[in-house]
There are 2 protein chains.
Amino acid sequence: MARRKTLTAIVAEDLSKRVFDGSLKPGEQLPTETELCEQFEVSRTVVREAVAQLRSDGILVSRQGRGMFVSKYPFSSKFELNSDALNTLPETIAILELRLAIEVESAGLCAERRSDEDARNIRRVMEEVDARHSDPDIVEVHYDFEFHLAIAQGTQNPYFHRFLKFLEPTFARRFQLSTLVSQDFKEQYYEEIHTEHNSIVVAIEEQDPQAAHNAMRVHLLNSLGRLRALSRKVVAKDRMDGRETSFMDFLKDVDTV
Amino acid sequence: MARRKTLTAIVAEDLSKRVFDGSLKPGEQLPTETELCEQFEVSRTVVREAVAQLRSDGILVSRQGRGMFVSKYPFSSKFELNSDALNTLPETIAILELRLAIEVESAGLCAERRSDEDARNIRRVMEEVDARHSDPDIVEVHYDFEFHLAIAQGTQNPYFHRFLKFLEPTFARRFQLSTLVSQDFKEQYYEEIHTEHNSIVVAIEEQDPQAAHNAMRVHLLNSLGRLRALSRKVVAKDRMDGRETSFMDFLKDVDTV
DNA sequence: TGTCATATGATGTATTACAAATTCAAGCCT
DNA sequence: AGGCTTGAATTTGTAATACATCATATGACA
């Protein structure tokens with residue numbers, strides 16, 4: 001593996017380092033492309049590809065005929081979750097707390113601002129989610145993500161939907177519950193969730209932000225609890241089978257392609 | 001203004017669109033660079049710069065001698081705010097709502113989980129922020145960001161701090177209030193903010209999550225109101241001076257170098 | 001059948017040339 | 001003097017070509 005870094009990558013990293021350690025200040029003009037070619041002893045092709053990357057990251061701006069400049073706000077305006085972290089239980093829980101924060105407010109704003117069409121859509125999605133229970137073998141722990149996205153849509157603030165969509169991969173893993181829990185448990189599981197969903201929907205339909213806040217908070221706190229319970233079952237099952245699998249390993253295994 | 005889009009940008013957008021609408025599937029091999037040149041009727045320089053961007057976004061990977069491929073996980077596991085959007089008032093408000101969601105919960109969790117040292121630190125930062133009022137000329141509308149960061153620190157969940165830090169550039173712009181508002185107004189402004197801060201701090205010290213929620217919500221809703229009021233003043237002043245500057249232009253102008 | 005050399009085709013890098021946009025100053029006009 | 005035009009110089013944007021390097025497929029050879 002470990003491929004040799006391309007010249008382009010080297011130049012790009014060096015330049016972005018210069019920006020972030022302050023030797024190139026926001027707004028400042030960079031050396032011309034030809035000067036950079038001399039400094040790095042590479043061709044203009046390389047410099048330009050490197051610059052293209054930094055430009056798409058918003059670190060540089062370049063204007064034909066004038067030159068290249070450090071962006072006025074070069075400091076990372078992106079928020080990323082390194083995929084290593086997503087597979088550990090503590091990280092998943094920490095991120096679920098972040099999600100709870102967003103979703104509680106999302107439910108409240110949705111209750112305030114939803115259109116009638118939003119409300120109808122949300123109820124429809126809830127019913128679709130319920131209908132999906134007919135398949136007894138496979139369930140996603142957060143199989144109800146579409147429901148949550150529909151609510152975010154109703155806030156009329158696109159950032160809520162975008163942020164939730166961004167968090168989706170963290171929660172969209174599938175679990176084969178059948179290997180873990182009895183049918184009875186699943187029934188109970190679905191029953192609980194439906195009840196929780198329903199009280200959220202009712203609050204949104206009645207345009208009661210406070211009630212929506214509360215119902216969503218309850219739902220996600222319970223979700224957190226269910227996640228923890230499930231993880232305990234997994235660990236117990238592994239121990240019974242003589243394995244010593246941690247929850248994170250489990251999450252990796254069931255990861256669907 | 002409205003600069004003509006570069007060919008590079010056009011190609012990059014088209015390719016990323018192909019990925020996201022599914023006509024190019026994860027893991028699939030792309031046409032060769034020369035083929036893309038023919039398709040788009042541009043030079044290889046353009047194609048390569050476009051690809052360089054997509055590669056840095058993690059959408060494509062290219063291997064020397066083999067070809068270019070759509071990444072297996074092209075779907076952005078990063079959340080970014082494009083800097084163009086940050087300069088418009090509606091966007092700023094929308095993002096402030098997102099921030100409110102995070103911070104209300106942040107205050108609550110902090111009240112629950114803070115260490116004694118966290119509590120001391122928060123109060124200390126609040127007092128430092130107050131002390132800064134001695135400088136009568138310059139104020140940042142959200143000069144109190146450190147205070148909010150200190151609270152996020154107290155949640156014991158690193159993602160709250162990280163997310164807030166990520167949003168900081170959106171709110172860390174400086175305003176020269178002196179050209180806009182009277183000294184009296186500033187006094188009142190600071191007075192209000194201090195009162196709001198204090199009730200948050202008290203709630204956290206008393207470990208009362210519900211009160212912390214409420215206090216933080218009040219503070220940020222008022223912040224939202226102050227931002228709107230300020231924007232109205234700016235527009236009014238411009239109109240008086242015979243200009244027709246929108247708030248977004250204003251934000252660009254006061255941009256500090 | 002298995003192995004190695006070679007051919008082939010892909011991306012990576014270099015070089016050169018020209019197009020288009022911006023700046024700046026000289027020079028002209030009023 | 002002040003404002004305007006013009007053109008040269010500079011800089012990024014695009015194009016075209018050549019070669020280097022890496023990966024794979026092919027086919028000869030044992």
Side-chain angles (χ1 to χ4, degrees), chain A residues 1-16 18-19 24-72 74, chain B residues 1-16 18-19 24-72 74 83-84 252 257:
Chain A
M1 220 47 208
R3 311 172 37 70
R4 184 178 122 264
K5 273 195 272 198
T6 66
L7 294 181
T8 300
I10 294 175
V11 172
E13 284 174 23
D14 190 295
L15 282 179
S16 87
R18 284 197 209 176
V19 170
L24 285 172
K25 294 183 181 55
E28 190 176 340
Q29 181 158 16
L30 275 77
T32 66
E33 291 181 352
T34 32
E35 283 170 350
L36 289 177
C37 291
E38 293 166 8
Q39 284 184 30
F40 289 105
E41 295 180 335
V42 296
S43 77
R44 205 175 148 217
T45 312
V46 172
V47 169
R48 284 193 58 77
E49 284 189 23
V51 166
Q53 289 181 27
L54 301 186
R55 211 171 26 213
S56 86
D57 291 343
I59 295 176
L60 299 182
V61 293
S62 58
R63 295 217 292 240
Q64 190 173 166
R66 291 193 55 184
M68 301 187 306
F69 303 83
V70 179
S71 168
K72 287 177 182 169
Chain B
M1 221 48 210
R3 310 175 37 71
R4 184 178 122 262
K5 272 196 273 197
T6 65
L7 294 180
T8 299
I10 294 175
V11 172
E13 284 174 24
D14 190 294
L15 283 179
S16 87
R18 285 197 208 176
V19 170
L24 285 172
K25 293 184 183 53
E28 189 176 342
Q29 181 159 14
L30 275 77
T32 66
E33 292 181 352
T34 34
E35 283 170 348
L36 289 176
C37 292
E38 293 165 9
Q39 284 185 30
F40 289 104
E41 295 180 333
V42 296
S43 77
R44 206 175 148 216
T45 312
V46 171
V47 169
R48 283 195 57 79
E49 284 188 23
V51 167
Q53 290 180 26
L54 301 185
R55 210 170 26 214
S56 85
D57 292 343
I59 296 176
L60 299 181
V61 293
S62 60
R63 295 219 294 246
Q64 188 173 176
R66 289 193 57 185
M68 301 185 306
F69 303 83
V70 179
S71 168
K72 282 180 185 164
S83 49
D84 304 342
K252 272 181 190 141
V257 181

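What you are looking at is a predicted structure, and each value in this text was computed from that prediction instead of being measured. In what follows, chains carry the letters A, B, and so on, assigned in the order in which the sequence lines appear, proteins first and then strands, with residues in each chain numbered from 1.
- At whole-Å resolution of the value, CZ in A:R63 and C1' in D:dT12 are 12 Å apart.
- Atoms CZ (A:R48) and C1' (C:dG12) sit 17 Å apart, rounded to a whole Å.
- The distance between atom CG of A:L54 and atom P of D:dT12, rounded to the nearest whole Å, is 14 Å.
- Non-hydrogen atoms lying under 4.0 Å from DNA chain C are contributed by B:T32, B:E33, B:R44, all within residues 28-47 of chain B.
- Applying the 4.0 Å criterion to OP1 and OP2 of C:dG12, one finds that B:S62 has a side-chain N or O inside that range.
- Taking CD of B:E13 as the start and CG of B:L15 as the end, the distance is 10.5 Å to the nearest 0.5 Å.
- Side-chain proximity of B:R55 to the nucleotides C:dG12, D:dG13, D:dA15 is greatest for C:dG12.
- For the atom pair OG1 (A:T32) and CZ (A:R44), the distance works out to 9.0 Å, reported to the nearest 0.5 Å.
- The shortest distance between side-chain heavy atoms of B:D14 and B:F40 falls below 4.5 Å.
- The CZ-P distance, from A:R66 to D:dG13, rounds to 13 Å in whole Å.
- Distance check: A:L54 CG to A:M68 CE gives 9.0 Å after rounding to the nearest 0.5 Å.
- Side-chain contact between B:E49 and B:T6 is absent, with no heavy-atom pair separated by less than 4.5 Å.
- Rounded to whole angstrom, the span from the CD atom of B:Q64 across to the C1' atom of D:dA23 amounts to 9 Å.
- Under the 4.5 Å side-chain criterion, counting only non-hydrogen atoms from C-beta, A:V47 is in contact with A:V42.
- The CD-P distance, from B:E49 to C:dG12, rounds to 14 Å in whole Å.
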